[in-house]
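Beneath this line is the structure, given in structure tokens, with notes to follow.
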Amino acid sequence: MSECTKIPRHIAIIMDGNGRWAQSRGLDRLRGHMQGVESVRTAVESSLRHGVRYLTLYVFSTENWGRPADEVNGLMALLCESIVKEAAKLAEQGVSVRVIGDRDSMSEKVQEHLAMIERETASGEKLTLILALNYSSRHEIARAIGLMIEAEKQENITVAELGPESLRAYLYTADFPDPDLIIRTSGECRLSNFLLWQAAYSEFYFTEVLWPDFGAEDFDKAVAEYGARDRRYGLITK
Ligand code: IPE
Ligand code: IPE
Ligand code: MG
């Protein structure tokens with residue numbers, strides 16, 4: 001257990017570097033994704049150990065459909081396989097799984113697996129594991145504005161009454177607090193269309209470590225660094 005007292009309530013992770021991990025070993029990219037599933041397991045265990053309440057994982061972006069078909073199909077198959085393998089254990093550990101993103105345009109098979117794991121883990125109260133799948137933050141924001149305009153018409157709300165908190169209610173993440181800490185592995189320092197609105201005051205942690213190599217110690221290091229940060233929210237330190 002880390003000695004720092006400030007534990008992020010919500011950690012979001014951009015799990016990057018699976019392809020490079022595999023390619024540097026002369027392996028197929030899919031092997032990197034398979035190894036990445038091990039790191040997901042470790043991240044869940046670490047979150048439970050630290051008492052983190054929400055863990056969001058960026059699993060697949062809307063842009064990722066543009067990759068070669070064999071990689072995309074392999075990723076979808078791996079997702080379904082991992083859900084079948086992990087659902088019971090997650091339920092036992094008190095983890096409840098939720099999905100954000102445009103799930104309706106995913107295959108029937110994937111949709112069924114997502115519904116299954118959400119149902120089987122629904123009573124978990126220790127950790128909410130949020131999977132961002134077929135996710136685009138810009139799409140999420142545009143969709144939220146559309147929904148807000150619809151509601152505004154029905155409820156006779158005026159534009160002047162709308163503020164940032166009105167929009168929050170229409171985001172995929174309406175039920176969850178904003179991420180306190182956003183981790184990105186593999187040395188890339190960008191958001192890649194992830195939680196643009198929710199990240200307004202998040203702390204960022206970038207590491208060169210590739211996602212398949214990201215272990216419990218790396219997780220602890222990120223949490224410890226978060227604990228040492230001074231979050232000012234535009235104010236001055238007391
Ligand atoms: C992240 O690893 C996983 C997904 C985007 C699905 P990458 O597949 O992007 O790995 P690199 O960035 O090519 O190494
Ligand atoms: C972001 O990684 C998406 C996920 C981790 C699922 P990418 O590898 O797709 O992002 P870019 O292309 O480097 O920005
Ligand atoms: Mg990548």
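Whatever order the structure lists them in is the order used to number ligands and atoms, beginning at 1.
For a threshold of 3.5 Å applied to N or O pairs, the pair formed by Ser61 and ligand 2 contains no separation below that value. Geometrically, ligand 2 and Glu188 share no nitrogen or oxygen pair separated by less than 3.5 Å. Below 3.5 Å of separation, one finds an N or O of Asp16 facing an N or O of ligand 2. Residue Gly19 has at least one nitrogen or oxygen atom sitting less than 3.5 Å from a nitrogen or oxygen atom of ligand 1, judged on distance alone.
Ranking protein heavy atoms by distance to atom 12 (O) of ligand 2, first place goes to Arg190 NH2, 4.6 Å. Ser192 OG, 2.6 Å is the protein heavy atom nearest to atom 14 (O) of ligand 2. Of the protein's heavy atoms, Arg184 NH2, 3.6 Å lies nearest to atom 2 (O) of ligand 2. Of all protein heavy atoms, the one lying nearest to atom 13 (O) of ligand 1 is Arg29 NH2, 2.9 Å.
Note on ring orientation: taking the six-membered ring where Trp is involved, the planes of Tyr201 and Tyr233 are tilted (angle from 30° to 60°). The aromatic rings of Phe214 and Phe219 sit perpendicular, their planes meeting at an angle over 60°, well past the 30° parallel limit.
Between the CG atom in Leu90 and the CD1 atom in Ile83 there is a gap of 10.0 Å [rounded to 0.5 Å].
Minimum heavy-atom separation, Thr185 to Val209: CB-O, 3.1 Å. Contact detail for Arg231 and Glu203: the closest heavy-atom pair is CG-OE2, 3.2 Å.
At a heavy-atom distance under 4.0 Å, only side-chain atoms of His33, from C-beta outward, approach ligand 1. Only the backbone of Phe60 comes within contact range of ligand 2, with a heavy atom under 4.0 Å; no side-chain atom does. By the criterion of a heavy-atom distance under 4.0 Å, the side chain of Asn64, and not its backbone, is placed next to ligand 1.
At least one test fails for Arg67 against the ring of Trp65: distance under 6.0 Å to the centre or angle within 45° of the axis.
With Thr121 contributing its side chain and Ala91 its backbone, the two residues share no donor-acceptor pair below 3.5 Å.
The Val59 neighbourhood of ligand 1 comprises atoms 6 (C), with distances under 4.0 Å to a heavy atom of that residue.
When Arg67, Arg20, Met15 are checked for heavy-atom proximity to atom 7 (P) of ligand 2, Arg67 turns out nearest.
Taking the N/O/S atoms of Asp16 in turn, the shortest distance to the Mg ion (ligand 3) belongs to OD1.
More than 12 heavy atoms of other residues, nucleotides or ligands lie within 6.0 Å of CZ in Arg229, so this atom counts as buried by the packing criterion. Taking a 6.0 Å sphere around CD of Glu161, one finds it holds more than 12 heavy atoms contributed by other residues, nucleotides or ligands.
For Gly17, the closest heavy-atom approach to ligand 1 falls below 4.0 Å.
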### Message
Could you walk me through whether Glu150 and Lys153 satisfy the salt bridge (charged side-chain N to carboxylate O under 4.0 Å, His left out) test, starting with their C-alpha distance in whole Å, then the side-chain angles of each, then the deciding distance to 0.1 Å, before giving a yes or no?
### Response
CA-CA 5 Å; Glu150 281 302 314; Lys153 273 191 229 148; 3.5 Å; yes
